[in-house]
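To start, the structure itself, in structure tokens.
So that the names make sense, note that chain A is the first sequence line, chain B the second, and so on, each numbered from 1. Computed from a predicted structure; not experimentally measured. FYI, side chains are in, hydrogens and waters are out, and symmetry mates aren't considered; it's all heavy atoms of this structure.
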Number of protein chains: 2
Amino acid sequence: MSLRYGILGFLSKWEASGYDIKREFDDVMSVFWHSHLSQIYPELNKLEKEELISSELVPQAGKPDKKVYTITRKGREWLMNWLLAPPEAPKMKDVFLMQTFFMDNIPVGEVLLKLQMYKKERQQRLDKMREIIQIRWESIKERNVMKARILMSTAVLKRGMEQEIQYIKWCEETIRLVEACKNLWGKEEAAQTQNTYAETEHAEVPFPTAVSFSEVEDIFLEYFGDLIDDKGRNR
Amino acid sequence: MSLRYGILGFLSKWEASGYDIKREFDDVMSVFWHSHLSQIYPELNKLEKEELISSELVPQAGKPDKKVYTITRKGREWLMNWLLAPPEAPKMKDVFLMQTFFMDNIPVGEVLLKLQMYKKERQQRLDKMREIIQIRWESIKERNVMKARILMSTAVLKRGMEQEIQYIKWCEETIRLVEACKNLWGKEEAAQTQNTYAETEHAEVPFPTAVSFSEVEDIFLEYFGDLIDDKGRNR
DNA sequence: TAGCCCATGTAATGAGTTACATGATTCA
DNA sequence: TGAATCATGTAACTCATTACATGGGCTA
């Protein structure tokens, strides 16, 4: 239900074809949304049938024809009503965090590798955002104009960048934590065997490689910083 | 494709019914995933047919019967293969950021209200996580055991908490930014009219309430901190 | 000449949500 | 007595992804 508002929102400022909209979803809007052309085209046709947008065929030299869409008054009304509605509860879906949560099932070496790979993934997203914001920044300064749309879109870009920076930092910190607690995984070659016996673990039988908490308490407290309220402890 | 691994991952440590799994998705696992019972039940049946899990009916006193699932060897193999596969590229879907991006279409007063409401939403998530981590922290200290699973799940919880803290901070900063740039929206009553003319905007016709950038440059630079590389400027 | 960019789609499949259906116990 | 919790599901629908289809122009 949100894709259509992403389209209406974009068309509220610029006329565009499905292909143009996809380009935007891959560029600035990738901070908060992603979509395939095969979803955008049918949605555009649906929006036109509902008279929220209208289209015009524009011939191009040396390129295929374009179907350029324009938002209608009704479309603007729908967009505004959506914008004024109370915000939805955030619905988390983070595949990488899910994997991390279950990484006790694979050897430590693999855990560290995955964290490093993911850090790179996030670094690339950040680099892309930095580029986008740099270009926009120069353009704003050059044209010397500020508008509400520019303000809000840069605010969103800031949020995106902060998110990537913090995710990268978390990867680094977690790599350090895992390295400091390597022994919890036991020998790498034994990992397969360990897992086979893990099903008895819920009955409070200690895991072969479990250690007493006090051994790692300091590492833990440092990792968490002030996120934990550690009452009854003298430090 | 990830829900099934969320289920397998959970069952890799504890035997559980569909209802139990749902409870977990609403609790600790809500940091990175959410799912409905009407999706979990059919998935469990599918997993059983594929022999990745097996079930046993457990009668209960004063409560309906439970269908308790156990992961099979084949299920563990599938889980491990998924965990060892290279991480997927993150797929962003943040409805609130999408709305924020297009908030030039509604009055400033409404923009500020929405940012405040969303901040509260995130604050509630944070409070819930704090509670969860506090309970786990006490339990770890009491039992005095540390295992790889505990390590990784707390790392994920940390990430979740950081995310909420930073989102809240971003809301606050953005509220301040919007307040400082209120005039970009013009009079609230005029908002409807403004939007009607916005379609001519792509032709570089300045927006009625546009101001020169230099007027807000300092506010902007403060908002961004060191996120922008502002070359050729003396500060 | 192979592969990418432009441009628009359809079809099949998979994932996710909302509504409906049932029925016992427990708590206010 | 009504609402919430426990417990398992089906059906209808919407949303999202992957694969397929077409075809001209540009670039290495």
Side-chain angles (χ1 to χ4, degrees), chain A residues 1-8 11 15-27 29-30 32-50 52-69 82 88-95 98, chain B residues 1-8 15-27 29-30 32-50 53-69 82 88-95 98:
Chain A
M1 198 70 304
S2 296
L3 170 64
R4 70 180 328 157
Y5 295 107
I7 293 172
L8 288 176
L11 293 179
E15 297 183 336
S17 68
Y19 203 82
D20 293 333
I21 292 166
K22 167 62 175 165
R23 220 191 275 109
E24 205 62 19
F25 273 116
D26 290 341
D27 193 59
M29 279 161 76
S30 72
F32 56 80
W33 211 260
H34 68 101
S35 195
H36 297 263
L37 273 170
S38 54
Q39 199 188 358
I40 292 167
Y41 286 126
E43 191 62 46
L44 283 167
N45 287 324
K46 247 170 81 186
L47 286 168
E48 194 173 14
K49 255 178 228 153
E50 294 175 44
L52 304 177
I53 57 174
S54 64
S55 72
E56 199 194 345
L57 259 169
V58 177
Q60 291 185 116
K63 285 179 188 177
D65 290 1
K66 254 189 178 195
K67 212 165 152 187
V68 175
Y69 291 93
W82 176 71
E88 286 181 38
K91 284 170 192 169
M92 283 296 143
K93 292 239 160 161
D94 188 321
V95 182
M98 184 188 266
Chain B
M1 197 76 297
S2 296
L3 170 64
R4 71 180 327 154
Y5 294 108
I7 294 172
L8 288 176
E15 296 183 338
S17 67
Y19 203 81
D20 293 333
I21 291 165
K22 167 63 174 164
R23 221 191 273 108
E24 205 61 19
F25 273 116
D26 290 342
D27 194 59
M29 279 161 74
S30 71
F32 55 82
W33 212 260
H34 68 101
S35 195
H36 297 262
L37 274 170
S38 54
Q39 200 187 359
I40 292 167
Y41 286 125
E43 191 62 45
L44 283 167
N45 287 324
K46 247 170 80 185
L47 286 168
E48 194 174 15
K49 254 178 229 153
E50 294 175 44
I53 57 175
S54 64
S55 72
E56 198 193 347
L57 259 169
V58 177
Q60 291 184 115
K63 284 180 189 176
D65 290 2
K66 255 189 179 198
K67 213 165 151 187
V68 174
Y69 290 94
W82 176 70
E88 285 180 38
K91 284 169 193 170
M92 282 297 142
K93 292 236 161 163
D94 187 322
V95 182
M98 184 189 266

* Asked: Given side chains that start at C-beta, do those of Tyr69(B) and Leu8(B) come closer than 4.5 Å, heavy atoms only?
  -> no
* Asked: Taking only side-chain nitrogens and oxygens of His34(B), does any of them come within less than 4.0 Å of OP1 or OP2 of dT17(C)?
  -> yes
* Side chain of Arg23(B) - closest among dT10(C), dT8(C), dA7(D) -> dA7(D)
* Structure fact -> DNA chain C nearest-nucleotide lookup for Gln60(A) and Ser2(B): closer to the 5′ end is Gln60(A)
* Asked: Within this structure, what is the CG-to-P distance between Asp27(A) and dC5(C), rounded to whole angstrom?
  -> 14 Å
* Please report, rounded to the nearest Å, how far the P atom of dT17(C) is from the NZ atom of Lys93(B). => 11 Å
* Does a side-chain N or O from Arg4(A) land closer than 4.0 Å to OP1 or OP2 of dC15(D), or not? -> no
* **Length of the NZ-P vector between Lys46(B) and dG14(C), whole Å** => 7 Å
* Asked: Between Tyr19(B) and Tyr41(B), is a side-chain contact (heavy atoms from CB on, under 4.5 Å) present by the stated rule, with each step listed?
  -> CA-CA 9 Å; Tyr19(B) 203 81; Tyr41(B) 286 125; 4.0 Å; yes
* Nearest to side-chain heavy atoms of Tyr41(A), which nucleotide of dT5(D), dA15(C), dG9(C) -> dG9(C)
* When the distance from OH of Tyr19(A) to P of dC5(C) is rounded to whole Å, what number comes out? -> 7 Å
* Between Asn45(B) and Ser35(A), who's closer to the 5' end of DNA chain D by nearest nucleotide? -> Asn45(B)
* **Presence of Lys67(A) side-chain N/O under 4.0 Å of dG9(C) phosphate oxygens OP1/OP2** => yes
* Asked: Looking at Lys66(A) and Glu15(A), does any basic side-chain N land under 4.0 Å from a carboxylate oxygen?
  -> no
* To do: Note the angle between the end axes of the helix from dT1(C)-dA28(D) to dA28(C)-dT1(D), five pairs defining each, rounded to 10 degrees.
  => 40°
* **Heavy atoms from other residues, nucleotides or ligands near CD of Glu56(B) exceed 12 (cutoff 6.0 Å)** => no
* Between Asp20(B) and Arg23(B), does at least one N-O distance fall below 4.0 Å, as a salt bridge requires? -> yes
* **Test side-chain contact (heavy atoms from CB on, under 4.5 Å) applied to Gln60(A) and Asp65(A), step by step** => CA-CA 6 Å; Gln60(A) 291 185 116; Asp65(A) 290 1; 5.7 Å; no
* Would Phe32(B) and Val95(A) count as a side-chain contact (heavy atoms from CB on, under 4.5 Å) if you check the C-alpha gap in whole Å, the side-chain angles of each, and the deciding distance to 0.1 Å? -> CA-CA 7 Å; Phe32(B) 55 82; Val95(A) 182; over 6 Å; no
* To do: Report the distance from atom CD of Glu50(A) to atom CG of Asn45(A), rounding to the nearest 0.5 Å.
  => 11.5 Å
* **Per-nucleotide protein contact string for nucleotides 18-28 of chain D (B base, S sugar-phosphate only, - none; heavy atom under 4.0 Å)** => BB---B-S---
* Any donor-acceptor pair under 3.5 Å from Glu48(A) side chain to Ser55(A) backbone -> yes
* Between atom CE in Met1(B) and atom P in dA16(D), what is the gap in whole Å? -> 18 Å
* Structure fact -> Asp20(A) atom CG is separated from dA7(C) atom C1', nearest whole Å, by 10 Å
* Test side-chain contact (heavy atoms from CB on, under 4.5 Å) on Phe25(A) and Leu3(A) and set out the steps. => CA-CA 10 Å; Phe25(A) 273 116; Leu3(A) 170 64; 3.7 Å; yes
* To do: Could you tell me the separation between the CD1 atom of Ile40(A) and the P atom of dC15(D), rounded to a whole number of Å?
  => 15 Å
* Would you indicate what Lys22(B) reaches in the nucleic acid, counting non-hydrogen atoms under 4.0 angstrom: base, sugar-phosphate, or nothing? => nothing
* To do: Check the distance between dT25(C)'s P and Lys66(B)'s NZ and give it to me in whole angstrom.
  => 17 Å
